[in-house]
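In this chain, residues are counted from 1 in sequence order. Just the heavy atoms: all of them, side chains too, but no hydrogens, waters or symmetry mates, feed the values below.
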Amino acid sequence: MKFALLGADPEALELARGVAADHRHQLVWASDWGPFRRDVERFAPTARFEHAWESLLVSDDIDAVIVASSADVDAAADRLRKLVQSGKPLLVSHPVHPSMLIGYELDMIRQETRSPILPYAPTRWHPAVRRLAALFGAEPTAPLGQLEQVIIERRLADRSAENVRKHFARDVGLARLLGGELTRLSAMAPTSAPSGYASLGVQLSGPANVLIRYSVLPVEREAAARVTAIGGGGKAELLMPAEGDWSLAWGESDVQPPESFPDWDPAAAALDQFARLLAGEVAHPTWVDACRDIELADSIQRSLDKGRTVELHYEDYTEDGTFKGTMTSLGCALLWLAPLVLLVGIVLGQMGLPIADYVPHMLLGVLGIFLLLQLLRLAVPSKSP
């Protein structure tokens with residue numbers, strides 16, 4: 001399979017390097033590489049470099065595109081829309097865009113064009129995470145019983161608001177994998193200003209009744225994350241360093257030594273998942289999973305501003321649903337405005353102004369136009385069974 005690299009961030013470069021190292025694939029094209037051109041040339045010397053990324057949309061010799069995140073969010077959103085509209089399979093950094101609205105907009109386009117999108121979330125595919133998830137369950141054979149709490153501590157050298165939200169979107173995907181869907185979020189920080197994210201604490205929960213606690217901490221020795229999962233029969237602790245092998249400790253420490261997970265290739269795992277997606281199989285996380293992660297990260301600021309728990313009501317965003325929501329809002333507005341317009345007409349009539357005689361006719365015309373707008377529903381194609 002021939003890949004293109006659009007943009008460059010550490011995750012996209014990791015994927016591109018994995019493509020170049022796999023004999024089944026080839027990196028043939030790159031654009032918007034920023035300061036990383038020499039890195040790309042080192043592991044993909046035959047790739048061609050182009051400044052005009054739009055040529056990618058009409059290129060027939062590219063099978064899939066690796067898309068990096070970008071600091072220019074407006075340009076990134078436009079680029080993603082055009083790529084999804086083109087129908088090319090995409091392997092994207094997660095989160096590839098910080099706005100949940102853009103994410104759900106892309107999902108609506110994706111449903112129409114059938115464009116395969118796989119978010120790069122290697123934490124979910126790590127064998128240590130699969131082993132951790134297997135330790136808990138409602139079955140009597142589960143070593144640590146039913147999962148009750150998950151505590152995630154993320155140590156970061158860069159604790160800016162943008163970087164914290166980015167890592168939270170990735171880590172909350174792991175929390176959702178372990179604890180199920182999360183529908184309530186409560187964030188705490190010394191201040192709701194961006195500086196408060198350096199000491200951010202978040203609590204989440206959902207229908208599965210698993211409590212998730214997330215905290216941002218400064219780096220002690222190295223950037224890393226620690227996941228502590230607590231069940232009715234004990235706890236497990238997963239250490240996830242930025243560099244090096246992950247380790248999982250559970251049970252009695254003097255009887256059960258920590259399990260180590262060396263020699264794991266995240267890019268190879270992503271390419272395997274991507275191949276499954278292109279073959280028509282279910283690959284996780286889905287693009288909707290990525291949107292959920294971004295929505296939870298987006299909700300942190302709302303919780304800080306309001307000082308309370310934010311309730312999330314996940315919906316399937318489709319053209320049909322968007323149309324119905326818009327018409328509902330417009331209809332409610334007309335119901336509120338109609339009595340006000342009639343009242344204004346009465347006042348104008350008392351003042352002897354001739355225009356008062358036409359107020360009911362104008363109101364009737366507006367309501368008639370609103371009813372005719374319902375016919376636009378026929379312009380939205382229904383889904384095939």
Evaluate the criterion salt bridge (Lys or Arg N to Asp or Glu O under 4.0 Å) for residue pair E41 and R37; output intermediate values, then yes/no.
CA-CA 6 Å; E41 288 177 334; R37 174 161 182 163; 3.0 Å; yes
Quick one: do I152 and L182 end up in the same hydrophobic cluster if we chain Ile, Leu, Val, Met, Phe, Trp and Tyr together by side-chain heavy atoms under 4.5 Å apart?
yes
Should R170 and D293 count as an ion pair when the cut-off is N to O under 4.0 Å?
no
Side chain S31, main chain E50, donor-acceptor under 3.5 Å
yes
Heavy atoms of G206 and T183 approach each other most closely as CA-OG1, 3.7 Å
Would you compute the distance between atom NE2 of H313 and atom CD of E295 and round it to the nearest 0.5 angstrom?
10.5 Å
Start with the C-alpha distance between R165 and D158, add both sets of side-chain angles, then the distance that settles salt bridge (Lys or Arg N to Asp or Glu O under 4.0 Å), and finish with yes or no.
CA-CA 11 Å; R165 279 194 295 263; D158 176 10; over 6 Å; no
Checking salt bridge (Lys or Arg N to Asp or Glu O under 4.0 Å) for the pair R302/D305: CA distance, chi angles, key distance, verdict?
CA-CA 5 Å; R302 282 195 291 143; D305 290 339; over 6 Å; no
Indicate yes or no for a side-chain donor-acceptor contact from S59 to the backbone of L56 under 3.5 Å, with no hydrogens or angles considered.
no
How would you list, by chain and number, every residue that makes a ring-ring contact (aromatic ring centres under 6.0 Å, His included) with Y120, sequence neighbours excluded?
none
Can you list every pair that meets salt bridge (charged side-chain N to carboxylate O under 4.0 Å, His left out) and has a residue in residues 53-64, with sequence neighbours left out?
R48-D61
Ion pair check, D78 and K82, cut-off under 4.0 Å
yes
If hydrophobic clusters are built by linking Ile, Leu, Val, Met, Phe, Trp and Tyr wherever their side-chain heavy atoms come under 4.5 Å apart, do L90 and M1 end up in the same one?
no
Working to the nearest 0.5 angstrom, can you tell me the gap between I230 CD1 and L211 CG?
9.0 Å
Apply side chain to side chain donor-acceptor pair (under 3.5 Å) to R184 and T309, showing your working.
CA-CA 7 Å; R184 292 183 294 275; T309 300; over 6 Å; no
Between S199 and G196 (side chain of the first, backbone of the second, donor and acceptor by atom type, cut-off under 3.5 Å), is there such a pair?
no
Which atom names give the shortest non-hydrogen contact between A175 and I212, and what distance separates them?
CB-CG2, 3.8 Å
Does a sphere of radius 6.0 Å around CG in L343 hold more than 12 heavy atoms from other residues, nucleotides or ligands, not counting ones at 6.0 Å or beyond?
yes
Using the side chain to side chain contact (heavy atoms under 4.5 Å, CB included) rule, take R79 and L6 through it: C-alpha gap first, then chi angles, then the decisive distance, then the call.
CA-CA 10 Å; R79 185 169 62 187; L6 181 56; 3.3 Å; yes
Exercise: identify the closest heavy-atom pair between P122 and W264:
O-CH2, 3.2 Å
Sequence neighbours excluded, the answer for ring-ring contact (aromatic ring centres under 6.0 Å, His included) partners of Y214 is F168
Backbone N or O of S299 within a donor-acceptor pair of the S303 side chain at under 3.5 Å?
no
Can any side-chain N or O of H97 pair as donor or acceptor with the backbone N or O of I102 at less than 3.5 Å?
no
Indicate, with yes or no, if L296 and V210 share a hydrophobic cluster defined by side-chain heavy-atom contacts under 4.5 Å among Ile, Leu, Val, Met, Phe, Trp and Tyr.
yes
For a quick check under 3.5 Å, do E153 and S215 share a side-chain donor-acceptor pair by atom type?
no
If I compare all heavy atoms of A229 with all of L132, which pair ends up nearest, and what's the gap?
CB-CD1, 4.1 Å
Hydrophobic clustering (ILVMFWY, side-chain heavy atoms < 4.5 Å, transitive) - are I117 and L15 grouped together?
no
Tell me, yes or no, whether the heavy-atom count around E311 atom CD, taken from other residues, nucleotides or ligands under 6.0 Å, exceeds 12.
yes
Worked verdict on T228 versus K235 for side chain to side chain contact (heavy atoms under 4.5 Å, CB included):
CA-CA 7 Å; T228 303; K235 72 174 184 178; 4.2 Å; yes
With no hydrogens and no angle check, do the side chains of Y197 and R159 hold a donor and an acceptor under 3.5 Å apart?
no
Does any donor atom in the side chain of S115 or R110 lie under 3.5 Å from an acceptor atom in the other side chain?
no
Could you go through the side chain to side chain contact (heavy atoms under 4.5 Å, CB included) check for L271 and H25 one step at a time?
CA-CA 9 Å; L271 292 173; H25 307 299; 3.9 Å; yes
R276 side chain to V282 backbone, donor-acceptor under 3.5 Å
yes
Same hydrophobic cluster for L185 and L304, using side-chain heavy-atom links shorter than 4.5 Å among ILVMFWY?
yes
Measuring only between side-chain heavy atoms, which start at C-beta, is Q273 closer than 4.5 Å to L118?
yes
Are side-chain N/O atoms of S160 and N163 paired as donor and acceptor at under 3.5 Å?
no
Which heavy-atom pair separates F136 from G231 by the least distance, and what is that distance?
CE2-N, 3.5 Å
Please name the pair of heavy atoms, one in P241 and one in L239, separated by the smallest distance, quoted to 0.1 Å.
CD-O, 3.3 Å
Answer whether the closest heavy-atom distance between the side chains of W287 and V92 falls below 4.5 Å.
yes
Working note: K2 + W29, criterion side chain to side chain contact (heavy atoms under 4.5 Å, CB included); need CA distance, chi angles, decisive distance, verdict.
CA-CA 9 Å; K2 295 181 179 179; W29 190 96; over 6 Å; no
Is a side-chain donor or acceptor of S93 paired with a backbone partner of V96 at a separation under 3.5 angstrom?
no
Rounded distance [0.5 Å steps], CZ in R176 versus CG in L174:
11.0 Å
Using side-chain heavy atoms (C-beta onward) and a distance below 4.5 Å, is Q149 in contact with R213?
yes
Hey, are the side chains of F274 and F3 touching, using non-hydrogen atoms and a 4.5 Å cut-off?
yes
Mind checking what makes ring-ring contact (aromatic ring centres under 6.0 Å, His included) contact with H167, not counting sequence neighbours?
none
For S70 and D72, which I'm curious about, is there any donor-acceptor pair between the side chains at under 3.5 Å?
no
First locate atom CG of D298, then atom CG of L101, and finally report the distance between them rounded to the nearest 0.5 Å.
7.0 Å
What I'd like to find out is whether the side chain of W250 reaches to under 4.5 Å of the side chain of E237, using heavy atoms alone.
no
Hey, is CD on Q350 packed in by over 12 heavy atoms from elsewhere, all under 6.0 Å?
no
Note: D107-R292 ion pair, threshold 4.0 Å (strictly below):
no
Per the ring-ring contact (aromatic ring centres under 6.0 Å, His included) rule, what does the pair list look like for residues 36-75, sequence neighbours excluded?
W33-F49, W33-H51
The reported gap from CD1 in I62 to CD in Q26 (rounded to nearest 0.5 angstrom) is 11.0 Å
E139: what forms a side chain to side chain donor-acceptor pair (under 3.5 Å) with it, not counting sequence neighbours?
none
Gap separating the NZ atom of K88 from the CG atom of L57, nearest 0.5 angstrom
7.5 Å
